[in-house]
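Let me begin by presenting the structure, written as structure tokens, before commenting on it.
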Amino acid sequence: MPIILPCGTIPVMEYMKRTATCGALRLADEGKDVVLNGWVHRSRDHGGIQFINLRDRCGITQTVVDEDAPAELKKLAGSLRMEYCIAVKGRVRKRPDSMVNPEMPTGEIELQITDIEVLSKSAPLPFMIEQESDAKEDLRLTYRYLDLRTPGMQERMKLRHDVIFAVREFFHERGFYEVETPTMIKSTPEGARDFLVPSRLHPGKFYALPQSPQLFKQIIMVGGLDKYFQIARCYRDEDARGDRQLEFTQIDVEMSFVTRDDVLRITEELFQYAFRKTLQTELPESFPRFTYHEVMNTYGSDKPDIRFGLPLQDFSPFVEGSGFKAFDSVLEAGGAVKALTAKGCGGYSRKQITQLEDTAKIYQAKGLAWMKVTENGLEGGVSKFFAQKQEEILAALGAEAGDLILMVADTWRTACTALGAVRSRLGKDLGLTDPKTFAFCWVIDFPLFEWNEEGRKWEAAHHMFSMPQQQYLDTMEQNPGEVKGDLYDLVLNGNEVASGSIRIHDPEIQRRIFRIVGFSEEEAEKRFGFLLNAFQYGPPPHGGIAPGLDRILMIMAGEQTIKEVIAFPKNSVGVSPMEGSPSEVDEAQLKDLHVKLDLPENDA
RNA sequence: GGGGGUGUAGCGAAGAUGGUUAUCGCGCCGGCCUGUCAAGCCGGAGAUCGCGGGUUCAAUCCCCGUCACUCCCGCCA
């Protein structure tokens, strides 16, 4: 790296600066004298001749100290160890034909070394730098600076940069302004727990880190900026998951004077653009749309993986008269019986079926009923109850000999989600989830309210600023559970990757929503007063969406966790093992902040 | 808040009904070696088997507890 200093100050330490990168040289460069800077990736000393693979961000070049090289040079080369940072000078030469390495972009040439300069040494490594480190995740995070050197991490960091760049390009070209919103804001408890920042100047008061820029982007619309986007960091103090971190990045978008379809369209274009620019992948011209009810019924999930079929079906027509009490009683209680035809799984062992049942049970199913389809009809499991109707059943389910029929009877929601989980698992087990296939779809028409059984009240399913669909406006108080919102989720390969809505810009409708979820005028004023105030001054109709950058990158990179596409993620318990956060702070710092600790007893 | 899994040398793993010297690969150190590209060959160092307690003549192995990590349910408007 060039060291830049103001003129006439401290002398620059001179070293052999690179004239090419380690990924650049080709046969056409034969005969050139070049300097490379990089890290010793591997070193192979054959006694007479020594090969040093030099690595930087751009690639790996084989450099060679020949047998007839000066003894001094050979000695220095022999002292090099993995991950020493060095400069080498030499001449590019064609490799002998039989020595060409077709695996390497630089494999037709090598650098005949004339000089070596050790720029810095490396201690023995805690793990080796390989395509993907095989060290445990926690160790990789402790030494993230080494992990970042692995080609795998470097590729993902490049992908992340490329996608962000494409996003900026895309929105810029369409007249969006990138506007930054504050990271220290008013706490508006609703949804996830807030991270709090105590105020020194205002004893007893706190800022919150934003769970998303939601309220600010709506205010930006009131501010007349018309089209906004931001690569926004969001903070939610909830337990982590493979696809969830305490802090994560959203591509936050909001637009004025738009309808739902405008937002869906531009989001489709955004991903078509980003996938084309970064993965050279063409996405479909438009993404299929399903209603919430449809995906729950068919895929048993509000984030369906549509890379494969295996649809859930209604089994309730075959229950009456079967004599199977377990199913009967569920239907009498207003529940549902859902069935899934697992194609070609008729040979599953008892153990395999039990494993599928365990999956269903995680999602609260009481059991997983099953029947095998053979040449002779239904066999095994609960088949004896359905023998008379077997023709009908096979026809309705499209089941054939060699299939396995799986059923869950429970409340509609549990039956769907539990069997949906079984479907997901089968998709993976049967190899139907090619990570190179990118199957986007929209889920629309979400219910606006959900009944909270514990609190005995209605809650906003998404957030309180989403618009009810037009046809419910007159009557939404009468049956809140029926009300569909102008809400939409974007789903990719079974992952929710974006979520958005058309917002309420009419204060009267907003008041009615608050009333339905049991929010008093005073409470609404206290929490969201600034937004309601803004809405007194001619707010434009507006709506937006917020794609989760990390999740999308994870899927683009074919990874199982977003940690692989974040340079410095926290581990599963919110700790960063590298710098050791969170950590205790000085008593004096707490005092400044007017904060006293009240720690749990057994916390050592 | 709940459930599953893991913890053995710097790293990744194997291991035994509870028994004497705990194994393998990579890395590390030393030596040999003209063409490798995960180089090869020879030799060497390196482990209180996560920690604490219990059972036992004897525990890395069994039991209890605990810690750390990891995945999942809940939670995540």
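We use all heavy atoms of the structure for the numbers below, so side chains are in, but hydrogens, waters and symmetry mates are not. Nothing here was measured: the structure is a model prediction, and the numbers come from that model. Chain letters run A, B, ... following the sequence lines, proteins first, then strands; residues in each count from 1.
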In whole angstrom, give the distance that lies between atom [atom1] of [X] and atom [atom2] of [N].
X         : N      : atom1 : atom2 : value
Asp358(A) : C71(B) : CG    : C1'   : 15 Å
Asp138(A) : C11(B) : CG    : C1'   : 14 Å
Lys136(A) : G7(B)  : NZ    : P     : 8 Å
Phe51(A)  : A39(B) : CZ    : P     : 12 Å
Tyr143(A) : C69(B) : OH    : P     : 16 Å

Take the angle between the ring planes of [X] and [Y] and call it parallel below 30°, perpendicular above 60°, tilted in between.
X         : Y         : answer
Tyr143(A) : Tyr145(A) : perpendicular
Phe530(A) : Phe216(A) : tilted
His293(A) : Trp412(A) : parallel

Looking at [N], does its base get a donor-acceptor pair with the side chain of [X] below 3.5 Å?
X         : N      : answer
Asn53(A)  : C37(B) : no
Arg244(A) : C75(B) : yes
Arg241(A) : G74(B) : yes
Glu110(A) : G35(B) : yes
Arg95(A)  : C37(B) : yes
Gln50(A)  : U36(B) : no

Partner lookup for [N], please. Criteria are Watson-Crick or G-U wobble with both distances under 3.5 angstrom; report none if nothing qualifies.
N      : answer
G40(B) : C32(B)
A16(B) : none
A68(B) : U6(B)

Open item on the list: Looking at C71(B), I'd like to know if its phosphate oxygens (OP1 or OP2) sit under 4.0 Å from a side-chain N or O belonging to Lys563(A).
Closed with: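 Answer yes for this pair, as a side-chain N or O of Lys563(A) is under 4.0 Å from OP1 or OP2.
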Open item on the list: Quick check: Phe528(A) with Phe465(A) (ring centres under 6.0 Å apart)?
Closed with: yes
Task: Between A47(B) and C37(B) - P atom distance, rounded Å - done: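 Per the computed distance, 32 Å lies between those P atoms.
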